[in-house]
Amino acid sequence: AAPGELPAGADADLFELLRQLRRQAAQQAKVQPYQVFTDAVLAELSRGRPTTEEGMSRISGVGEYRLRAYGKQFLNAIADYCREKKLEQD
């Protein structure tokens, strides 16, 4: 995908929701948003919609530290969004 474009199958609304969550997480941790997750990681999360930390860890750019630090809140946000929109996950 070109810069600024989401990969095929990515959910643009979910991507925006995850970007807001990333901004909050970054402010709390006093780091830059890209240090939480890059846009590429958020795009993959919004496409694959993982339900587990294991599923999330398969995404390039999600290391063990980030998974421990941020995994749960991002997985919860994805699950809530999918429930609300009646979307399948994984």
Side-chain angles (χ1 to χ4, degrees):
E5 269 183 39
L6 291 177
D11 185 309
D13 291 336
L14 179 55
F15 178 74
E16 280 307 314
L17 181 85
L18 295 177
R19 286 186 68 195
Q20 290 169 14
L21 181 60
R22 175 181 68 182
R23 201 173 308 122
Q24 293 166 0
Q27 284 173 344
Q28 287 171 349
K30 295 182 175 36
V31 297
Q32 293 299 312
Y34 73 85
Q35 292 173 290
V36 175
F37 290 121
T38 62
D39 276 355
V41 168
L42 297 186
E44 282 305 312
L45 289 173
S46 67
R47 182 170 70 149
R49 302 192 291 263
T51 52
T52 63
E53 289 187 356
E54 184 191 347
M56 196 171 173
S57 71
R58 288 194 209 106
I59 294 172
S60 175
V62 179
E64 209 172 300
Y65 170 77
R66 287 185 172 125
L67 193 60
R68 274 203 314 272
Y70 309 113
K72 280 270 186 285
Q73 66 189 112
F74 278 81
L75 288 169
N76 288 339
I78 293 166
D80 289 346
Y81 178 86
C82 289
R83 241 191 326 274
E84 190 182 304
K85 302 282 184 181
K86 296 182 174 40
L87 295 171
E88 287 184 18
Q89 286 189 262
D90 289 320

Qualifying residues under side chain to side chain contact (heavy atoms under 4.5 Å, CB included), relative to Ala79, sequence neighbours excluded: Arg83, Gln89
Contacts of Lys85 that satisfy side chain to side chain contact (heavy atoms under 4.5 Å, CB included) - sequence neighbours left out: Tyr81, Leu87
Show me the side-chain donor-acceptor pairs of residues 53-61 shorter than 3.5 Å, one per line, residues at least two apart or across chains.
residue	atom	partner	partner atom	Å
Glu53	OE2	Lys72	NZ	3.3
Glu54	OE2	Arg58	NH2	3.2
Ser57	OG	Glu54	O	2.7

Residues forming a salt bridge (charged side-chain N to carboxylate O under 4.0 Å, His left out) with Arg66, sequence neighbours excluded: none
Those residues that, when tested against Glu64, pass salt bridge (charged side-chain N to carboxylate O under 4.0 Å, His left out) (two or more places apart): Arg68
Full working for side chain to side chain contact (heavy atoms under 4.5 Å, CB included) between Thr52 and Leu75: CA-CA 7 Å; Thr52 63; Leu75 288 169; 5.6 Å; no
Under 3.5 Å, which donor-acceptor pairs link side chains of residues 16-32 to any protein atom two or more places apart or in another chain?
residue	atom	partner	partner atom	Å
Arg22	NH1	Phe37	O	2.8
Arg22	NH1	Asp39	OD1	3.0
Arg22	NH2	Asp39	OD1	2.8

Gap separating the CG atom of Leu14 from the SG atom of Cys82, nearest 0.5 angstrom: 6.0 Å
Worked check of side-chain hydrogen bond (donor to acceptor under 3.5 Å, both in side chains) between Thr51 and Asp90: CA-CA 6 Å; Thr51 52; Asp90 289 320; 2.4 Å; yes
